[in-house]
Protein chains: 2
Amino acid sequence: MRITYKGDYALKTILDLSTHYGDAPITIHELAARADIPTKFLEQILLDLKRGGFVESRRGKIGGYLLARPPKEITLGEVIRFIDGPVEPINCLDKHYKGCKEVTRCVFRDIWQKVEKETANIIDSITFDDLVKKNKKFGSSLVYQI
Amino acid sequence: MRITYKGDYALKTILDLSTHYGDAPITIHELAARADIPTKFLEQILLDLKRGGFVESRRGKIGGYLLARPPKEITLGEVIRFIDGPVEPINCLDKHYKGCKEVTRCVFRDIWQKVEKETANIIDSITFDDLVKKNKKFGSSLVYQI
DNA sequence: GTATACTCTACTATTATGATAGACATTATA
DNA sequence: TATAATGTCTATCATAATAGTAGAGTATAC
């Protein structure tokens with residue numbers, strides 16, 4: 001797993017929207033400013049997240065973005081996989097991967113699978129509701145900080 | 001952690017050399033052919049591994065490469081970190097990382113640290129001696145396969 | 001009808017990755 | 001001592017991913 005800026009931004013944005021779940025829509029501009037993300041870049045990320053069913057949008061004057069599902073039902077893992085792809089350390093199962101003709105018999109293979117499993121155990125068991133609570137406990141002003 | 005081709009090739013090569021630890025040097029050409037690695041690319045990787053103290057070389061007619069240390073004393077984690085860098089999923093502690101001014105208070109931070117720790121637990125506890133034994137058990141002809 | 005939002009497509013700059021090329025240095029051995 | 005077989009070193013290159021930027025278009029509250 002490698003988390004890109006895009007993934008990092010997506011997580012921070014979903015957390016912001018989770019914190020304001022049930023409230024009025026939040027504009028791209030606000031979301032971008034609060035998390036220090038280039039506005040036009042976030043625009044694209046939000047369109048992706050919309051296509052992924054994570055967020056909804058309202059157009060027009062009092063438009064903005066809303067979480068499409070309750071924070072309790074969105075896990076960290078879902079978002080990461082959607083934005084940054086599979087969580088495995090190496091994609092040697094992919095048919096485009098060179099070498100590794102007999103992947104099923106490779107000594108390294110089950111080590112990477114073990115890493116993937118441990119990673120999944122962590123990120124799939126954390127919901128954005130958990131993160132909102134964790135955040136509030138520390139009373140931070142910034143939505144993505146403790 | 002993301003393992004690149006370079007990392008993958010390095011691991012396969014160290015495993016090959018581990019399998020032949022104590023024997024005569026093995027040429028780049030042989031190593032490349034056995035693991036299906038572009039020879040000139042492996043050449044560079046071996047120079048890196050030499051600088052890292054993982055392998056030694058012999059020049060001249062019956063030259064080639066040898067493991068610099070016993071397979072029992074080389075872990076998977078050491079090689080991966082040397083070739084592909086830190087094992088963490090995101091490098092937000094790096095001073096060049098944008099955003100995340102208050103990284104110590106970020107809700108995501110300790111999740112990434114947890115992922116890193118679990119990954120390290122796996123890769124730092126496996127030596128190339130372990131892998132050689134695992135390989136032999138399955139009697140594979142290819143050095144990097146089970 | 002207009003200001004304020006989201007939408008969509010295209011483009012661009014930079015870096016990492018995965019090599020390839022070729023001249024050079026060393027050494028066993030015939 | 002010539003030479004063939006080996007490692008050494010530096011430069012270059014092609015492609016893809018990443019991280020944006022630009023600008024014209026569409027919807028909606030007021």
Side-chain angles (χ1 to χ4, degrees), chain A residues 1-10 12-13 17 24-33 35-52 54-66 68 83-86 89-92 94 96-100, chain B residues 1-13 17 24-33 35-52 54-66 68 80 83-86 89-92 94 96-100:
Chain A
M1 176 170 59
R2 195 185 138 238
I3 293 162
T4 64
Y5 274 99
K6 190 176 176 186
D8 186 28
Y9 294 161
K12 285 170 176 170
T13 301
L17 293 174
I26 304 174
T27 66
I28 297 177
H29 189 78
E30 273 182 286
L31 291 165
D36 196 27
I37 301 169
T39 307
K40 292 297 276 181
F41 193 20
L42 183 57
E43 199 178 289
Q44 288 180 48
I45 296 168
L46 280 166
L47 285 173
D48 274 356
L49 289 171
K50 189 182 169 186
R51 290 180 197 114
F54 295 99
V55 303
E56 281 176 10
S57 62
R58 301 274 180 274
R59 294 172 82 146
K61 191 92 182 250
I62 55 166
Y65 278 91
L66 302 155
I83 297 293
D84 282 334
I90 186 170
N91 205 355
C92 57
D94 189 296
H96 298 299
Y97 199 86
K98 284 164 281 186
C100 300
Chain B
M1 174 169 61
R2 195 183 139 238
I3 294 161
T4 63
Y5 273 100
K6 190 176 175 185
D8 186 29
Y9 293 162
L11 294 177
K12 286 170 176 169
T13 301
L17 292 174
I26 304 173
T27 66
I28 298 176
H29 188 79
E30 273 182 285
L31 291 166
D36 196 25
I37 301 169
T39 307
K40 290 298 273 183
F41 193 19
L42 182 58
E43 198 178 291
Q44 289 180 48
I45 296 168
L46 281 166
L47 285 173
D48 275 355
L49 289 172
K50 189 181 170 185
R51 290 178 198 116
F54 295 99
V55 302
E56 281 176 9
S57 62
R58 299 276 179 274
R59 295 173 83 147
K61 192 89 183 250
I62 56 164
Y65 279 91
L66 301 156
I80 292 173
I83 297 292
D84 282 334
I90 185 170
N91 206 355
C92 56
D94 189 296
H96 298 301
Y97 199 85
K98 284 164 281 186
C100 301

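Remember, it's a predicted structure, so these values are computed and weren't measured experimentally. Residue numbers begin at 1 in each chain, while the letters A, B, ... track the order of the sequences.
- Of the side-chain N and O atoms in A:Lys61, none sit less than 4.0 angstrom from OP1 or OP2 of C:dT2.
- Put simply, CZ on A:Arg58 is 10 Å from P on D:dA29, counting in whole angstrom units.
- A donor and an acceptor atom sit less than 3.5 Å apart, one in the side chain of B:Arg59 and one in the base of C:dA25.
- Each of D:dA4, C:dT7, D:dT18 was ranked by its minimum atom distance to the side chain of A:Arg2; first place goes to D:dT18.
- In this structure, A:Tyr9 and A:Phe41 have perpendicular ring planes: the angle between them is above 60°, well past the 30° mark.
- Residues B:Leu42 and B:Ala32 approach most closely at CD2-N, 3.4 Å, considering heavy atoms.
- The phosphate of D:dA19 (OP1 or OP2) has no side-chain N or O of A:Tyr9 nearer than 4.0 angstrom.
- At C:dA5, none of the side-chain N or O atoms of A:Ser57 fall inside 4.0 Å of OP1 or OP2 (strictly under the cut-off).
- Toward the 5' end of DNA chain D, the nearer of the two residues B:Arg51 and A:Gly60, judged by each one's closest nucleotide, is B:Arg51.
- Distance, B:Ile45 CD1 to C:dT20 P: 11 Å, rounded to whole Å.
- B:Glu56 places its CD atom 17 Å from the C1' atom of D:dT6, with the value rounded to the nearest Å.
- Listed nucleotides: D:dG7, D:dG23, C:dT20. Nearest to the side chain of A:Lys40: D:dG23.
- For D:dT15, neither phosphate oxygen OP1 nor OP2 lies less than 4.0 angstrom from any side-chain nitrogen or oxygen of B:Tyr5.
- As rounded to whole Å, 17 Å separates atom P of C:dT14 from atom NE2 of B:His96.
- Backbone-only engagement by B:Ile62 is indicated by non-hydrogen atom pairs under 4.0 Å involving sugar-phosphate atoms exclusively.
- Distance A:Leu47 CG to C:dA10 P: 15 Å, rounded to the nearest Å.
- For the pair A:Leu17/A:Leu31, a side-chain contact is recorded, criterion being any heavy-atom separation below 4.5 Å from C-beta on.
- Between B:Leu49 and B:Tyr65, the closest side-chain pair of non-hydrogen atoms is not below 4.5 Å.
- With C:dA3, C:dC6, C:dA19 as the choices, the nucleotide that has an atom nearest any side-chain atom of A:Thr27 turns out to be C:dC6.
- Distance, B:Tyr65 OH to D:dG7 P: 7 Å, rounded to whole Å.
- Here the CG atom belonging to A:Leu46 is positioned 10.5 Å from the CD1 atom belonging to A:Ile26, to the nearest 0.5 angstrom.
- Listed nucleotides: C:dT27, C:dC6, C:dA19. Nearest to the side chain of A:Lys98: C:dA19.
- A heavy-atom distance below 4.5 Å is not found between the side chains of B:Thr13 and B:Ile45.
- Rounded to whole Å, atom C1' of C:dC8 lies 12 Å from atom CD1 of A:Ile28.
- Counting atom types as modelled, A:Glu43 pairs no side-chain N or O with a base atom of C:dC6 as donor and acceptor under 3.5 Å.
- Atoms OH (B:Tyr97) and C1' (D:dT18) sit 12 Å apart, rounded to a whole Å.
- At a cut-off of 3.5 angstrom, counting only N and O atoms as typed in the model, there is a donor on one side and an acceptor on the other between the side-chain of A:Gln44 and the base of D:dT21.
- Counting any heavy atom pair closer than 4.0 Å across all strands shown, A:Phe41 reaches a base atom.
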